[in-house]
Amino acid sequence: MDPSTDMSPAFIALIAVGVVALLALIWLIATFNRLVSTRQHMRESWADIDVELKRRYDLIPNLVAAVKGYAAHESSVLEQVVRLRNTAAANHGAAAEQAVDETALAIGLKQLFAVVENYPQLKADTQFLALQQELAITEDRLAAARRFFNANVREMNQLCDTFPSNVIANMFHVERGSYFEVASDAERTAPRVAVGA
């Protein structure tokens with residue numbers, strides 16, 4: 001028997017332990033990288049939401065100004081929409097916190113568009129229609145960005161909650177995400193352009 005081909009049981013056990021340790025290390029690195037990648041996707045998708053929210057915040061004062069020209073005596077609704085817009089624009093908290101202000105703003109916009117229904121001349125005004133169309137497009141983009149963000153949050157939360165990835169998440173203090181959810185009645189307030197009203 002050739003001594004160079006004879007492997008001792010201790011050497012085989014050492015190789016087996018080394019292989020298991022290497023596989024565990026590879027799994028740990030892969031899981032950690034997936035958590036980091038998902039967190040980055042969440043940040044990126046939140047940035048998309050932020051862009052659309054800023055666009056909406058910029059459109060609202062112009063929309064209020066257009067309505068004010070026709071419906072000056074509806075000042076309480078106009079002032080409320082401006083106040084809700086300013087509150088929502090100032091909120092830079094977690095997605096769940098910001099969703100509360102966004103819901104209130106969407107409901108305020110719904111009240112504004114209810115006022116507009118009483119003014120046929122305003123509904124036919126080209127400037128108002130253009131602003132309303134821009135707001136509708138922004139709301140559609142915001143809804144799409146919100147769905148993308150919430151999908152990334154769902155993936156992160158699954159990684160943080162399911163075994164064995166939750167072990168790595170806890171080890172490196174990876175936090176769960178919070179959803180950006182708007183109340184269902186606010187979701188139905190996206191303005192639609194009434195062409196030829």
Side-chain angles (χ1 to χ4, degrees), residues 1-60 84-106 134-190:
M1 193 175 207
D2 184 6
S4 63
T5 59
D6 186 24
M7 290 193 198
S8 69
F11 184 69
I12 293 173
L14 185 61
I15 289 175
V17 167
V19 168
V20 168
L22 182 62
L23 289 176
L25 181 63
I26 290 170
W27 172 81
L28 182 128
I29 292 169
T31 302
F32 178 76
N33 286 343
R34 184 167 177 213
L35 287 164
V36 169
S37 175
T38 303
R39 182 176 54 206
Q40 190 59 34
H41 286 149
M42 281 176 44
R43 289 177 180 162
E44 180 183 329
S45 58
W46 181 255
D48 292 343
I49 288 174
D50 195 44
V51 165
E52 295 306 324
L53 289 175
K54 286 177 183 169
R55 182 176 173 178
R56 181 207 278 166
Y57 301 151
D58 290 344
L59 287 170
I60 289 174
L84 291 170
R85 177 247 183 223
N86 293 340
T87 301
N91 188 342
H92 300 293
E97 296 170 15
Q98 198 161 353
V100 173
D101 290 336
E102 293 302 323
T103 298
L105 177 58
E134 282 299 312
L135 189 59
I137 290 168
T138 300
E139 293 296 336
D140 289 343
R141 288 180 180 171
L142 186 56
R146 188 173 62 245
R147 284 191 300 272
F148 183 58
F149 173 77
N150 286 339
N152 287 317
V153 169
R154 181 183 63 242
E155 182 178 352
M156 176 61 85
N157 291 348
Q158 286 173 343
L159 289 170
C160 289
D161 291 344
T162 57
F163 182 81
S165 59
N166 65 341
V167 174
I168 306 303
N170 288 333
M171 187 185 314
F172 291 101
H173 306 288
V174 176
E175 296 181 12
R176 293 171 46 89
S178 62
Y179 291 102
F180 185 61
E181 298 176 309
V182 180
S184 61
D185 56 336
E187 185 128 323
R188 292 189 283 265
T189 63

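Quick note: residue numbers are just sequence positions, from 1.
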Visitor: How close do F148 and S45 get, heavy atom to heavy atom, and via which atoms?
Guide: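 Scanning both residues completely, I find the closest heavy atoms to be CD2-CB, 3.3 Å.
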
Visitor: Nearest 0.5 Å, please: how far is CD in E102 from CD in E97?
Guide: 13.0 Å

Visitor: Which residue, Q40, E155, M156, forms the side chain to side chain contact (heavy atoms under 4.5 Å, CB included) with L35?
Guide: M156

Visitor: Please lay out, stage by stage, how I168 and R34 fare under the test side-chain contact (heavy atoms from CB on, under 4.5 Å).
Guide: CA-CA 10 Å; I168 306 303; R34 184 167 177 213; over 6 Å; no

Visitor: Please identify each residue that fulfils side-chain hydrogen bond (donor to acceptor under 3.5 Å, both in side chains) with D48, with sequence neighbours left out.
Guide: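 Scan of D48 (side-chain hydrogen bond (donor to acceptor under 3.5 Å, both in side chains), adjacent residues dropped) gives none.
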
Visitor: For K54, is there an ion pair with D50 - N to carboxylate O distance below 4.0 angstrom?
Guide: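 Counted as a salt bridge, because a side-chain N and a carboxylate O are separated by less than 4.0 Å.
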
Visitor: Compare every heavy atom of A88 with every heavy atom of D101, then report the nearest pair and how far apart it is.
Guide: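 Scanning both residues completely, I find the closest heavy atoms to be CB-CA, 3.9 Å.
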
Visitor: Mind jotting down which residue pairs meet the ring-ring contact (aromatic ring centres under 6.0 Å, His included) criterion with at least one end in residues 161-180? Sequence neighbours excluded, please.
Guide: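 Passing the test, one end in residues 161-180: F32-F172, W46-F180.
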
Visitor: Let me confirm one number: the CG-CG distance from N157 to N150, rounded to the nearest 0.5 Å.
Guide: 10.0 Å

Visitor: Mind checking whether V100 and N91 have side chains closer than 4.5 Å, heavy atoms only?
Guide: no

Visitor: Of all the heavy-atom pairs spanning A96 and S178, show the shortest one and how long it is.
Guide: N-OG, 3.5 Å

Visitor: Evaluate the side-chain proximity of L159 to N166: yes if any heavy-atom separation is below 4.5 Å, no if none is.
Guide: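 With C-beta onward as the side chain, the pair stays apart.
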
Visitor: Holding to side-chain contact (heavy atoms from CB on, under 4.5 Å), I want the full list of residues that pass it with T138, two or more places apart in sequence or in another chain.
Guide: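 side-chain contact (heavy atoms from CB on, under 4.5 Å) list for T138, sorted by chain: E52, R55, R56, L59.
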
Visitor: Does any non-hydrogen side-chain atom of I49 lie less than 4.5 Å from one of Q98?
Guide: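 Of all side-chain heavy-atom pairs linking I49 with Q98, none is under 4.5 Å.
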
Visitor: Report the residues that fulfil side-chain hydrogen bond (donor to acceptor under 3.5 Å, both in side chains) with R141, sequence neighbours left out, ordered by chain and then residue number.
Guide: none

Visitor: According to salt bridge (charged side-chain N to carboxylate O under 4.0 Å, His left out), who are the partners of R85, at least two apart in sequence or on a separate chain?
Guide: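 For R85, no residue satisfies salt bridge (charged side-chain N to carboxylate O under 4.0 Å, His left out) once neighbours in sequence are set aside.
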
Visitor: Can you give me the closest heavy-atom contact between M42 and G177, atom names plus distance?
Guide: CE-CA, 3.8 Å

Visitor: Suppose the criterion is side-chain hydrogen bond (donor to acceptor under 3.5 Å, both in side chains): which pairs have a residue in residues 18-31, not counting sequence neighbours?
Guide: W27-T31

